[in-house]
Amino acid sequence: MDDETKKKIELQLPSRLGFEKVAMNTAASVARMMGFGEERIEDLKTAIAEACINAMEHGNKLDETLAVGVVLSMDADSLEVKVHDTGSGPEGHAAAPDIDRKMHEEEGARGMGMFLIESLVDEVEWVSSPCTGSYARMVIRLHPNEEAEAIVIKRSDGGKRG
Amino acid sequence: MAEKVTQVRVEEVESSTGVPITVLRYTGDITSASKAAVLGTYQGLALGTKRILLDFSGVDYLNSSGIALVIQLMIAASKSGQLVQTFGLKPHFIKVFTMVGITKYTTLHPDEPTARAAFPA
């Protein structure tokens, strides 16, 4: 299914903490309608909430006149969520939190959002575009194991299809 | 849209072996707006508090900023030689706490009696 045939829902949220729950609950409703189990829905809720919080805090600097855009795109087997802001995007990748360093105050107690997103969804990418705004793109799949198996099969036969 | 304000109730209880335990019972959301409820309440505990039990059974939404406040509480408790046990987290948040490694510094118990019993006499 290409981009044009996907069913889409779009939200515009003010950059005020708390509004991430609108995106979170909308995505949960959509995922439930698509047949995702409750555990995956909880994963998705946390990932979307963290992406929206990052967009509000770091992308839009909590400027309430700037919107965070959330686009949910459904197809038969997956749900894609893009969270847009007006910032230049994150620098680098999410490092796993080091709880020992946190407990010894060698690193800040915060800074776990990107790690949680990457850990809880099947696919994630951070697209940085200082001129036009940036976005986080997340995907959860209804059958992630089948997808992984398909990739393994594709790799093992050199990508050739019989 | 307002976040659900964090409420916290402080209770003094005893373990089955009679040791005093201070329970912090949270309800609502735990987010960046919860600093007073999480850290402020902790800082207001009586001097000499040794055993702290965190009850999350009334918490529906907890994000990474809220988890950071819990870590800050645990740092302060560790510096003061206090022991922290935890119970009542929903299964998803048990997973999240485990992912970020908090379980190295506190045990996530399934219920209150088990958590109370985990404090040494």
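Order of the sequence lines fixes the chain letters, A, B, ..., with proteins taken first and strands second; residue numbering starts at 1 for each chain. Just so you know, these numbers use all the heavy atoms, side chains as well, and skip hydrogens, waters and symmetry mates.
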Do [X] and [Y] belong to the same hydrophobic cluster, where Ile, Leu, Val, Met, Phe, Trp and Tyr are linked whenever their side-chain heavy atoms lie under 4.5 Å apart, directly or via other members?
{"X": "A:F36", "Y": "A:V30", "value": "yes"}
{"X": "A:L44", "Y": "B:V96", "value": "no"}
{"X": "A:F19", "Y": "A:L62", "value": "yes"}
{"X": "A:I9", "Y": "A:M34", "value": "yes"}
{"X": "A:V22", "Y": "B:Y61", "value": "yes"}

Please name the pair of heavy atoms, one in [X] and one in [Y], separated by the smallest distance, quoted to 0.1 Å.
{"X": "A:K102", "Y": "B:I75", "result": "O-CD1, 3.1 Å"}
{"X": "B:A68", "Y": "A:M112", "result": "N-CE, 3.9 Å"}
{"X": "A:I99", "Y": "B:V100", "result": "CB-O, 3.7 Å"}

Can you find a pair of side-chain heavy atoms, one from [X] and one from [Y], that are under 4.5 Å apart?
{"X": "B:K95", "Y": "A:E39", "value": "yes"}
{"X": "B:M99", "Y": "A:F115", "value": "yes"}
{"X": "A:I53", "Y": "B:N63", "value": "yes"}

| If you tally heavy-atom pairs under 4.5 Å against chain A, which of B:Q72, B:K90, B:M74 wins? | B:M74

| note | When rounded to the nearest 0.5 Å, the distance separating OG of B:S64 from CG of A:N54 is 7.0 Å

| query | Which distance, rounded to the nearest 0.5 Å, do you find between the OG1 of B:T31 and the NZ of A:K21? | reply |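 It is 8.5 Å, given to the nearest 0.5 Å.
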
| field | Which atoms of B:I102 approach chain A - backbone, side chain, both or neither, heavy atom under 4.5 Å | value | both

| Is it the backbone or the side chain of B:S65 that comes under 4.5 Å from a heavy atom of chain A, or both, or neither? | both

| request: For chain B, find which of A:E38, A:E105, A:E42 contributes the most heavy-atom pairs closer than 4.5 angstrom. | output: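 The candidate making the most pairs under 4.5 Å is A:E42.
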
| message | Only pairs of heavy atoms separated by less than 4.5 Å count here; which of A:L116, A:L120, A:D100, A:T46 has the most with chain B? | response | A:D100

| task | Check each atom of A:D43 against the heavy atoms of chain B and say whether the ones under 4.5 Å are side chain, backbone, both or neither. | result | both

